[in-house]
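Before any comments, here is the structure.
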Amino acid sequence: MELDEKKYLYLLFLIPVLVCVFLFNMYWKRKKQREFGDLEMVKKLSPERSVFKPVLKLVVFLLALACLIIGLVNPKIGTKMETVKREGIDIVFAVDVSKSMLAEDVAPSRLEKSKQLVSQIINNLGSDRIGIVAYAGSAFPVLPITTDYSVAKMFLQSMNPGMVSSQGTSLDEAIRLSSTYFDEKSKTSKLLILISDGEDHSEGAETAAEEANKFGMKIITIGLGTEQGGTIPLKENGVVRSYQKDNNGETVITKLNQESLKAIAKATKGGYVYGGSTKEVLEYVKNALNNIQKTEFEATQMANFQSQFQWFLGFAFFLLFLDIFLLERKTNWINELNLFNEKK
């Protein structure tokens with residue numbers, strides 16, 4: 001058994017609080033009745049008033065509240081055990097987060113388009129393991145190899161140029177850091193999907209790619225931007241305040257460099273695709289994955305957990321419905337039974 005939303009368990013502290021409030025209210029009423037007159041006389045003035053019914057109503061309400069809280073927690077019970085075998089490859093996404101990726105010659109921007117492409121590729125994966133690297137002037141590990149695609153997409157959306165302190169674009173750093181994500185001894189196929197505008201401010205990207213090829217890693221490069229290029233907007237609260245300028249005060253025009261990306265892909269017998277069309281990229285990556293040998297890299301026992309919240313919510317609504325019809329006056333037919341031998 002497991003609990004899906006444990007944070008809601010803190011709401012159970014409401015129950016003892018409500019009990020204390022009820023007891024204080026009962027004490028306050030009894031005190032006021034004593035001030036009004038003799039308690040026996042007060043009882044005779046309200047013969048239909050039940051002492052037990054308010055307690056019963058409270059118990060029913062608290063049970064309903066407890067069921068609602070447990071429903072929010074969503075307990076899950078494992079119904080069966082099954083063997084899950086995964087076949088796939090290890091994929092690392094290296095995303096360029098340099099300032100040039102803020103250019104909007106590709107809508108909505110090169111960086112946002114990169115995120116969209118990676119997210120769509122992840123959506124079309126099966127049982128592959130994935131990792132994410134961000135890079136600009138240096139490379140930064142964002143997410144280690146995992147099978148949790150939802151977490152990967154969450155980290156992906158948070159990527160921005162501020163993640164990496166040194167600006168520029170160092171493709172060789174991205175390739176070398178991505179290589180460390182893979183297990184050298186593993187027979188699992190290794191693929192790096194590198195997304196960039198290709199403006200490499202370092203040397204040795206092809207050399208790094210050749211080293212990766214010896215390691216058994218393939219590289220698919222995806223180019224973003226246009227050959228005409230675009231300016232780099234500098235925004236505050238979503239509003240463009242100025243544009244990136246060079247040391248001479250001239251507005252920077254950043255252009256797509258496809259040749260460097262093609263050379264990297266060729267060094268590992270991989271491939272290059274232009275990232276302007278999401279459909280074309282997905283089709284290209286799909287065909288590439290189909291031609292890469294899959295490896296069984298995980299076989300584990302997993303419990304198939306089923307949510308049980310609906311039972312608790314159903315019982316809670318039944319109790320709340322029942323509470324509506326519980327009146328605080330005595331029930332005649334129970335009173336006639338005289339279960340406690342009370343004097344009439």
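One is the number of the first residue; the rest follow in order along the sequence. Hydrogens, waters and symmetry mates are skipped; everything else that's a heavy atom, side chains included, is used.
Side-chain heavy atoms closer than 4.5 Å link hydrophobic residues (I, L, V, M, F, W, Y) into clusters, and following such links, possibly through other members, connects M163 to V151. Cluster membership for L68 and W311, using ILVMFWY side-chain heavy atoms within less than 4.5 angstrom, is not shared. Residues V55 and V19 share a single hydrophobic cluster, defined by chaining ILVMFWY side chains whose heavy atoms lie under 4.5 Å apart. If you chain together hydrophobic residues whose side chains sit under 4.5 Å apart, L18 and M26 fall into the same group. If you chain together hydrophobic residues whose side chains sit under 4.5 Å apart, L72 and L313 fall into the same group.
Contact of the D90 side chain with the T188 side chain is registered, since non-hydrogen atoms from C-beta on lie closer than 4.5 Å. The shortest side-chain heavy-atom distance between E199 and S98 does not fall under the 4.5 Å cut-off. By the 4.5 Å heavy-atom criterion applied to side chains, V95 and V133 are not counted as neighbours. Side chains of V239 and R241 form a contact here, defined as non-hydrogen atoms less than 4.5 Å apart. At a threshold of 4.5 Å between non-hydrogen side-chain atoms, the residues I121 and F93 count as touching. Within the 4.5 Å cutoff, side-chain heavy atoms of Y284 are placed close to those of I220. Looking at F312 and V73, their side chains never come closer than 4.5 Å, going by heavy atoms from C-beta outward. Residues P75 and I70 form a side-chain contact, since some pair of their non-hydrogen atoms from C-beta on lies under 4.5 Å apart.
K294 NZ: more than 12 foreign heavy atoms inside a 6.0 Å radius. The 12-atom threshold is not exceeded at CD of E227, counting heavy atoms of other residues, nucleotides or ligands nearer than 6.0 Å. Heavy-atom neighbours of Y274 OH from other residues, nucleotides or ligands within 6.0 Å: above the threshold of 12. Around atom NZ of K266, no more than 12 heavy atoms belonging to other residues, nucleotides or ligands sit under 6.0 Å away. No more than 12 heavy atoms of other residues, nucleotides or ligands lie within 6.0 Å of NZ in K187, so this atom counts as exposed by the packing criterion. The number of heavy atoms from other shown groups lying within 6.0 Å of OH (Y149) is above 12. The environment of CZ in F215 is crowded: more than 12 heavy-atom neighbours from other residues, nucleotides or ligands sit within 6.0 Å.
Rounding to the nearest 0.5 angstrom, the gap separating the CG atom in L194 from the OG atom in S178 is 7.0 Å. Here the CZ-CD1 distance, from F61 to I15, works out to 9.5 Å after rounding to the nearest 0.5 Å. Rounding to the nearest 0.5 Å gives a distance of 10.5 Å between CG of L192 and CD1 of I91. Note that CD1 of I264 and CG of D172 are 8.5 Å apart. Values are rounded to the nearest 0.5 Å. Distance CD1/I175 to CD/E210: 10.0 Å, rounded to 0.5 Å. With rounding to the nearest 0.5 angstrom, the CZ atom of R129 is 10.0 Å from the NZ atom of K190.
Judged by distance alone, the side chain of N290 and the main-chain N or O of K286 form a donor-acceptor pair under 3.5 Å. Panel note: side chain D96, backbone I195; no donor-acceptor pair is recorded below 3.5 Å. Between the side chain of T268 and the main chain of I219, a donor-acceptor pair closer than 3.5 Å is present. Panel note: side chain T231, backbone P233; no donor-acceptor pair is recorded below 3.5 Å. With hydrogens and angles ignored, the 3.5 Å screen pairs a side-chain donor or acceptor of S260 with a backbone N or O of G198.
Listed here is the closest heavy atom pair of T221 and A265: OG1-CB, 3.7 Å. Closest approach of F315 to C67, counting heavy atoms only: CD2-SG, 3.5 Å. Between A316 and A64 the shortest heavy-atom distance is CB-O, 3.4 Å. In this structure, Y181 and L177 approach most closely via the heavy-atom pair CD1-O, 3.5 Å. Pairing each heavy atom of K255 with each of Q228, the nearest pair is CE-O, 3.7 Å. Pairing each heavy atom of S100 with each of T254, the nearest pair is CB-OG1, 3.5 Å.
With respect to R176 and E211, a salt bridge is recorded, a charged nitrogen being found less than 4.0 Å from a carboxylate O. A salt bridge links E112 and K115; the closest N-O separation between the charged side-chain nitrogens and carboxylate oxygens is under 4.0 Å. Checked for salt-bridge contact, R110 and D197 meet the test: a charged N lies under 4.0 Å from a carboxylate O.
Inspection of the S158 and N160 side chains reveals no N or O donor paired with an N or O acceptor under 3.5 Å. Judged by distance alone, the side chains of N213 and K218 never bring a donor and an acceptor atom under 3.5 Å apart. If you check the side chains of K245 and T251, you find a donor sitting under 3.5 Å from an acceptor.
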Evaluate S196 against L224 for side chain to side chain contact (heavy atoms under 4.5 Å, CB included), listing each step before the verdict. CA-CA 6 Å; S196 177; L224 282 171; over 6 Å; no
Show the numbers, then the answer: is there a side chain to side chain contact (heavy atoms under 4.5 Å, CB included) between V273 and E283? CA-CA 10 Å; V273 60; E283 192 66 31; over 6 Å; no
Start with the C-alpha distance between M101 and S114, add both sets of side-chain angles, then the distance that settles side chain to side chain contact (heavy atoms under 4.5 Å, CB included), and finish with yes or no. CA-CA 9 Å; M101 293 296 284; S114 298; 3.3 Å; yes
Please test L11 against L65 for side chain to side chain contact (heavy atoms under 4.5 Å, CB included), starting from the C-alpha separation and ending with a verdict. CA-CA 9 Å; L11 294 176; L65 179 62; over 6 Å; no
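Every residue two or more places apart in sequence or in another chain that forms a salt bridge (charged side-chain N to carboxylate O under 4.0 Å, His left out) with E104 is listed here: K235. Scored by the ring pair (Phe, Tyr, Trp, His ring centres under 6.0 Å) test, F321 finds F325 as partners (sequence neighbours excluded).
Between V92 and the choices I145, T180, L191, the side-chain contact (heavy atoms from CB on, under 4.5 Å) rule is met once, by I145.
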